[in-house]
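Have a look at the structure below before the remarks.
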Amino acid sequence: MNVETFEEWRNEARRLLARNVAPDAVSFGSVSEQPLLDMLAGGEHDTDAPIETASHSVPKEFLQLAETVAYHRDPQRWNLMYRTLWRLTHGERHLLNITTDDDVYQLYRMQKSVSRDVHKMKAFVRFRKVASEDDVERFVAWHRSDHRILRLAAPFFSRRFKAMHWTILTPNESVTWDHSELTYGPGVPANDAPDGDALEELWKTYYASIFNPARIKVETMRREMPTRYWPTMPETKLIPELLAAAPQRVEEMIERHEGFAETAVKYIPSEFNLASLRVAAAGCRACDLCERATQTVFGIGPADAKVVIVGEQPGDEEDLAGQPFVGPAGRLLGQAFVEAGMDRSSVYVTNAVKHFSFVDRGKRRLHKKPSAKEIFACRPWLEAELLALRPEVVVCLGATAAQVLLGRDFRLTDQRGREHVSDWCPRTIATWHPAAILRTVDPARKQEMFTQLVGDLQQSIA
Ligand code: URA
């Protein structure tokens, strides 16, 4: 029985269950693991619809699990999913609670592997501007994932780089975003990750075979343009107008500038753990800060830390010692850990930027806030650390760290102490940076901020 997507499997499974076909009487497979060009453009699925059979309904938890597992590369996944569905609807309704069961164990293992692969893709896809024959700026990235996750991850990129024209090429499948719609195309096989000119060549071949630049999204324009402008303008003129009218224009310009600047991603080993990341980060030259700083100050703490603390960047003392938070701000943080009842040695402490940024004042080196470009260049190190650590909670100290993980709109004064889901951790909290507390002159306010820092740290371990 041929199925290519979760929806197709779900429909077949529903039909088979209704006919009472046992798992050993059926075998699922994919004729081709190469989905067709226009199949399922957009990739949104309705997992809320329960599979109903004559006499059973299926737990929602199973549907969510199966939907993720459907992206796993193992050809046996469809059979495993059907066998589990059968068991759930034939007397083992609570099967998913038995995590030692072989089938359940396999499903959760596969779900974890797919989720990890999606995180990796979100962290490591970097776009490069390519020459194009029309007036539109186009960007392309290459990525090799372990599983067939492009459709799962693509909506994230369309949100993050929504003002761009971009294509992500992978060996199995490709996707193009044109401001309004995701369009999937065939994969582009390559032996090694193509860089520079090789990527450009690959893109040209792909573009020539797939993309139709004359296609203009009239409906999207109608939706987004004030209608009073609409009737008088030729479609082609509307494209720049549409961009100019977008409410987040300025945001996107910044994102666009940063999104394609030099980053540390090329210094990150393809397989890594905290130890190999630390070694690789010591040689990072992704931005100019490395020229004047003494050394890279990488994160420190146990690899199984449940709590990760993210600061802004090392200061003077950290730069010399090669360890985060050992100077005045670090001492105040230590005091806050004690008051919050936290064991500092169980926490992983790091920074959004790994080199000291400073201006000279006579013999002193004064902290200088890192630029957006430097923060962006360094971001892959933090993302890789979080990928390796998979913490339960991340506490961002100050707005810089918070904006890296929670988005540029994050405002510490409004949102301090609240829990957010970030791409890196289900519980992400932002609180005062200890240096901001040290700088506060008014004693009452200073005390209040310190109490809030302690409270937020307590919340992180609650
Ligand atoms: N401030 C930070 O944000 N990080 C450090 O490591 C030290 C001071």
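First listed ligand is number 1; within each ligand, the first listed atom is number 1. Only this structure's heavy atoms are used, side chains among them; waters, hydrogens and symmetry mates stay out. On a predicted model such as this, the values are computed, not experimentally measured, just so you know.
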_Which residue is it: Phe139, Trp142, Trp166? I am looking for the one with a ring pair (Phe, Tyr, Trp, His ring centres under 6.0 Å) to Phe127._
Trp166
*With heavy atoms of Pro314 as the reference, note each atom of ligand 1 found under 4.0 Å away.*
5 (C), 6 (O)
*What residue and atom, counting heavy atoms only, is the protein's closest point to atom 4 (N) of ligand 1, and at what distance?*
Asn351 OD1, 2.7 Å
*Proximal atoms of ligand 1 relative to Gly311 (non-hydrogen, under 4.0 Å)*: 3 (O)
*Lys446 atom NZ: more than 12 heavy-atom contacts under 6.0 Å*: yes
*Report yes or no: is the cationic atom of Lys354 (NZ for Lys, CZ for Arg) under 6.0 Å from the centre of the six-membered ring of Phe298, at an angle within 45° of the ring normal?*
yes
*Glu312 and ligand 1 - part of the residue with a heavy-atom distance under 4.0 Å*: both
*Is there a heavy atom in His433 that sits closer than 4.0 Å to ligand 1?*
yes
*Protein contact to atom 8 (C) of ligand 1 [nearest heavy atom, distance to 0.1 Å]*: Gln313 O, 3.7 Å
*Just jot down the ligand 1 atoms closer than 4.0 angstrom to any heavy atom of Pro324, in number order.*
6 (O)
*Taking the side chain as C-beta and beyond, is there a heavy-atom pair between Leu382 and Thr350 under 4.5 Å?*
yes
*Within 45 degrees of the axis of the six-membered ring of Phe156 and under 6.0 Å from its centre: does Lys122 put its NZ or CZ there?*
yes
_Asp319 side chain vs Ala293 backbone, donor-acceptor pair below 3.5 Å_ = no
